[in-house]
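Down below is the structure, laid out as structure tokens.
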Amino acid sequence: MAVEFKKIEGDSVQYFALVIVLAVVTALGFYAYVLDHQLGGLNGLSNRVPWGIVNAGIPYFIGLSAGSLIVSALAGVFNIKKYKVFSRIAAYMAAAWIIAAILSIALDIGKFYHFMNAVRYFNPTSIFSWNAFLYSSYFVICSVYLLVQFEEMERATRFMAGLAVFWAVLVHSGTGAIYSFVYSRELYHSALTPPMFIVCAITSGLGLLLANLYFTFRFTKRELDPKLIRGLALIFAGLMMVLGYFLAVEGLEKGYIPALHEAVQFVFLTPTSGVFWSFWLLVIFGIAIPVIIVLNPKTGYDLRWISLAGIMHAALVFAERFYLIVPGQVFPEEYLPGYKIESLHTLEGYIVTYTPTIIEWLQIIGLIAMVYLVYVIGVKVFALIPERAVEEVVEE
Amino acid sequence: MMSRRKFLLLTGAAAAGAFLTPQISAKTQFIESPEEVEAKRRWAMAVDVEKCTECMRELIAKTGNPEVKPPCVVACDKENNVPEFEDKRIDPQWMRIAKLELDKPEVNPKEFYIPLLCNHCENPPCVQVCLTKASFKRPDGIVEIDMHRCIGCRYCMIACPYGARSFNFRNPREGLKEVNPNVQMRTEGVVEKCTFCVHRIDEAVAKGEEPIPACVEACHKYGKGALVFGNIKDPNSEISKILRENIVVQLRANLGTDPHVFYTKLGGE
Ligand code: SF4
Ligand code: SF4
Ligand code: SF4
């Protein structure tokens, strides 16, 4: 075998400290959930904005998962030998992120006790219902894909890689469609969302993977060839530009419609709303700066800079999810077109702000910590990372 | 191989954990077959906007409270155990009154008032998106929520074009002074909305009487008679006549949802 995968030792003090920190943050996240649901009133949600950042966690985590898997399976499908070194860790992360996504659904819904109804009953016209099936099958596919890799079953690996990519695209397009097929809210409706989700998944998954690789190899003192990373970083930068392009087209199209002028003005040009910041922070710190970092020859070959770009982008894709989910709820619709409406007994017709509370953030951060906990334990228990990762892979 | 065994164990445990939460679910039963019901009955409501506007103007002038609840809303709250919470952001409201004004007030500054409630759409987006079929449409057109099945995902609230749904952020009991035992009490964490007073309808139909929802009754008793409820499959019903003889407006009809709350006399004709 050309690439040797090996477990890490994981007996240093730092390792155990990391495990404990991650475990504590994870526990805090779940504790925040318990508080949120037992005491009530601790989140920023309302009857006008019933979907907030815990809901945004669903597409965010699925995106990271799908992105990670697509990258991993690239090596398998196209038989690119040099990227094989990352295939296990990426598949493992994909499985971990999908668990976070499913847990995000569990934390978001009002009746946890009824959670299994989502799987038990199927509504063919509900996109979310299809996704409940897709997510669980996706987890199984990720797991089998990883398993055949552990067993070093070459042909099965290639087959599973193909299936995994196909499923990841399906799962994530489906997730995009949950939001974009909502026709009751003008700001939600866009056929560009599912393809944008795929691009965004790959960029955020790739960004995080790059950072992951850098830190893992550094802490385990294994060899990581910058040339290998460079190739991935270029794909990363290119796709971020594609994402920027999608966002621009979508925004301009909405802005062209006179009926939406007020809403568009509110979303893109009103700095007093969180919606405005979610969009512009994404564009500046999530796309423009990371692209510059990768393309600038001074920083683009430095693994530390690339990791920074990766983390910045992956973090701000969360803002993208906020920008996708929140504006359509915050900005009111006219029930009788042409007439301004103001409800006397509810907040219908008013702009109802949504500011996520610390309790909601903790749930998201807790889930992220959980994924990394699963990761750091995983690299110790399973042979996930290669001994060394260099550009030229010796053929047998 | 060690890693494989551990791996299989982990995956197996995850799968087992996922499938182990049994619970019950309610079913709705009809004496007639769904086809029979569908052929015979389709419930709908007609609203006389002119009367509501007059009613609200009077009430606001009398009480000095621009957010006063008219008799229809009060009756609905009481009948259906709709709780009352201070915080408007989370207060569930089945029926509510909205003030409308043309987007170009310089052309016509006239304000008018309309009651808002679930439209019991013919093609309800809420039912379309509900992942558990907890939201469902009966053959007689009433859209209901099975609170034993609802997982509280709030997808339906996002999908409803009319803001008709409320989420129970808190246990509704905490916001109630008294409970009407004839109407099912909802719990925290599920979605609720107007049912067209389905309990009254079923009771009336069983007895062979004309059903009358609480809001319609209250408005009638108050002397306004702005709301008319009935079966539009019956050409001789009062509502059928009203819909035939007036210019009627459905909210956001362009979406194809086909709402079954019809507004008449918007221009005071
Ligand atoms: S429905 Fe009747 S009680 Fe309610 S606002 Fe209209 S006129 Fe008044
Ligand atoms: S008004 Fe809203 S809740 Fe009522 S049936 Fe139509 S979509 Fe569903
Ligand atoms: S909140 Fe309940 S009724 Fe609404 S879509 Fe979800 S499961 Fe269905």
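Residue numbers begin at 1 in each chain, while the letters A, B, ... track the order of the sequences. Quick caveat, the model's predicted, so the values are computed rather than measured.
- With a 4.5 Å cut-off on non-hydrogen atoms, F122(A) touches chain B through its backbone but not through its side chain.
- At a 4.5 Å heavy-atom cutoff, I105(A) makes no contact with chain B through either its backbone or its side chain.
- Heavy atoms of other residues, nucleotides or ligands lying less than 6.0 angstrom from CH2 of W51(A) number more than 12.
- No other option in R252(B), Q250(B), M95(B), K104(B) has as many heavy-atom pairs under 4.5 Å with chain A as R252(B).
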Note to self: Go through it in stages, so that I can follow the logic: the residues are T132(B) and H114(A), the test is side-chain contact (heavy atoms from CB on, under 4.5 Å), and I'd like the CA-CA distance, side-chain angles, deciding distance and then a yes or no.
What the structure shows: CA-CA 10 Å; T132(B) 59; H114(A) 293 177; over 6 Å; no
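- Distance check, rounded to the nearest 0.5 Å: OH of Y162(B) to OG of S184(A) gives 9.5 Å.
- S129(A) and K133(B) are not linked by any side-chain donor-acceptor pair at a separation below 3.5 angstrom, with hydrogens and angles left out of the test.
- In this structure, chain A has a heavy atom under 4.5 Å from the side chain of V249(B), while its backbone stays farther away.
- Counted within 6.0 Å of CD on E58(B), heavy atoms from surrounding residues, nucleotides or ligands total more than 12; the atom is thus considered enclosed.
- Taking CD of E101(B) as the reference point, atom CD1 of I341(A) lies at 12.0 Å (rounded to 0.5 Å).
- Between the CG atom in L102(B) and the CG atom in L336(A) there is a gap of 9.5 Å [rounded to 0.5 Å].
- The closest donor-acceptor contact from the side chain of H345(A) to the backbone of A98(B) lies at 3.5 Å or more, if one exists at all.
- I178(A) touches chain B through backbone and side chain together, each having a heavy atom under 4.5 Å away.
- If you run side chain to side chain contact (heavy atoms under 4.5 Å, CB included) between S343(A) and each of K99(B), Q93(B), K88(B), R96(B), only R96(B) comes through.
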Note to self: For a side-chain contact (heavy atoms from CB on, under 4.5 Å) check, start with the C-alpha distance between D108(A) and R154(B), then their side-chain angles and the critical distance, and finish with the verdict.
What the structure shows: CA-CA 9 Å; D108(A) 188 50; R154(B) 314 181 294 288; 2.8 Å; yes
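- Other residues, nucleotides and ligands contribute more than 12 heavy atoms inside 6.0 Å of the CD atom of E174(B).
- Ranked by heavy-atom pairs shorter than 4.5 Å toward chain A, the options Q128(B), E67(B), E111(B) are led by Q128(B).
- Contact annotation for F112(B): only side-chain heavy atoms (C-beta onward) come within less than 4.5 Å of a heavy atom of chain A.
- Atom-to-atom distance recorded for I151(B):CD1 and Y121(A):OH is 12.0 Å, nearest 0.5 angstrom.
- Applying the salt bridge (Lys or Arg N to Asp or Glu O under 4.0 Å) definition to pairs two or more places apart or across chains, none involves residues 134-143 of chain A.
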Note to self: With side-chain contact (heavy atoms from CB on, under 4.5 Å) as the criterion, how do Y155(B) and I127(A) come out once you've worked through the C-alpha distance, each side chain's angles and the decisive distance to 0.1 Å?
What the structure shows: CA-CA 10 Å; Y155(B) 197 6; I127(A) 298 165; 4.0 Å; yes
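- Judged by distance alone, with hydrogens and angles left aside, the side-chain atoms of K111(A) form a donor-acceptor pair with the main-chain N or O of E188(B) at under 3.5 Å.
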Checklist line | Trace of the side-chain contact (heavy atoms from CB on, under 4.5 Å) decision for L344(A) with Y113(B) | finding: CA-CA 10 Å; L344(A) 311 188; Y113(B) 294 87; 4.1 Å; yes
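- Using a 4.5 Å cut-off between heavy atoms, E342(A) touches chain B through backbone and side chain atoms alike.
- A donor-acceptor pair under 3.5 Å is formed between the side chain of N123(A) and the backbone N or O of V127(B).
- Considering only heavy-atom pairs separated by less than 4.5 Å from chain A, the leading option among A134(B), P92(B), A159(B) is A159(B).
- Counting non-hydrogen atoms of other residues, nucleotides and ligands closer than 6.0 Å to CZ of R57(B) gives a total above 12.
- When the candidates R48(A), Q329(A), R185(A), H37(A) are compared by the number of heavy-atom contacts under 4.5 Å with chain B, R185(A) comes out ahead.
- Residue F181(A): no heavy atom, backbone or side chain, is found under 4.5 Å from chain B.
- At a 4.5 Å heavy-atom cutoff, P105(B) makes no contact with chain A through either its backbone or its side chain.
- Atom CD1 in I158(B) sits 8.5 Å away from atom CD1 in I325(A) (nearest 0.5 Å).
- Using a distance-only test at 3.5 Å, with no hydrogens or angles considered, no donor-acceptor pair links the side chain of N47(A) to the main chain of R165(B).
- Rounded to the nearest 0.5 Å, atoms CD (E262(A)) and CG (D103(B)) are 7.5 Å apart.
- Within 6.0 Å of the CE atom in M153(A), the count of heavy atoms belonging to other residues, nucleotides or ligands does not exceed 12.
- In terms of heavy atoms, G163(B) sits closest to E348(A) at O-OE2, 3.6 Å.
- With a 6.0 Å radius and a threshold of 12 heavy atoms from other residues, nucleotides or ligands, K78(B) has its NZ atom at or below the threshold.
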